[in-house]
Amino acid sequence: MPFSHDMVYSLATAVDLVNTPPADMEELAAFVLRRKVSGVEFLNPGDLAEVRALASAFHDVFTAPDDPVAIDRLNTLLGRTRITPRLTQHDGFPLHVHYFAPGASLAEHLAADCGVALAHVLVEGERDRLRTCSAPDCSHVFVDESRNRSRVYCDSRTCGNRMHVAAYRARRRA
Ligand SMILES: [Zn+2]
Ligand SMILES: [Zn+2]
């Protein structure tokens, strides 16, 4: 993928958020830790509601039917987000750019950093890499980073494996 490591990281954070939107404060705190979201000191119930709304907004970008709709949805999201680019180095990550404004809430932080990463995907004409899992009982989104854009399952170890086993059984029955 033509994206820098921090873009890839931010995209993975957006995917995590869409697929497992935090249901309560405990899950929200776990998400912040898991994705190493920097500079978060306090979390309150307002954060939970905002982050859940953001998860839904990101989902709508991933599942947009075409480029214009994806662009429109992402512009709406970015339009209500304060963005202040700043070079930084922390927690063992190499030099990268933070986009969230000073004093940003958790949702604003994620909207800025993940939103800019998604913007780059669209700018590079790579929207077809924003996918939904092909397993019939799975609605997880993912970013296809494969060279030949061939990935169809959210996770090759779970959905991919499950579907291969199902296909094998179907062939044996046939
Ligand atoms: Zn950072
Ligand atoms: Zn899946």
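Along the sequence shown, residues carry numbers from 1. Counting starts at 1 for both ligands and their atoms, following the listed order.
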side-chain hydrogen bond (donor to acceptor under 3.5 Å, both in side chains) with S105: which residues, sequence neighbours excluded? E50

Can a donor-acceptor pair be found between the side chains of R151 and S146 at a distance below 3.5 Å? no

Restricting to distances shorter than 2.8 Å, give the number of protein N, O or S atoms close to the Zn ion (ligand 2). 4

Would you say that more than 12 heavy atoms from the other residues, nucleotides or ligands in this model lie under 6.0 Å from the CD of E26, or not? no

Taking the side chain as C-beta and beyond, is there a heavy-atom pair between C154 and R131 under 4.5 Å? no

Residue pair T13 / R35: nearest heavy atoms and the distance that separates them: OG1-NE, 2.9 Å

F100 six-ring centre to R86 NZ/CZ under 6.0 Å and within 45° of normal: yes

Excluding sequence neighbours, so at least two apart, what forms side-chain hydrogen bond (donor to acceptor under 3.5 Å, both in side chains) with D6? S4

Pair R34-D16, salt bridge (charged side-chain N to carboxylate O under 4.0 Å, His left out): steps then yes or no: CA-CA 10 Å; R34 182 165 75 240; D16 187 331; 2.8 Å; yes

Atoms of the protein (N/O/S only) found under 2.8 Å from the Zn ion (ligand 1): H90 NE2, H96 NE2, H98 NE2

Minimum heavy-atom separation for T81 to A111, with atom names? OG1-CB, 3.6 Å

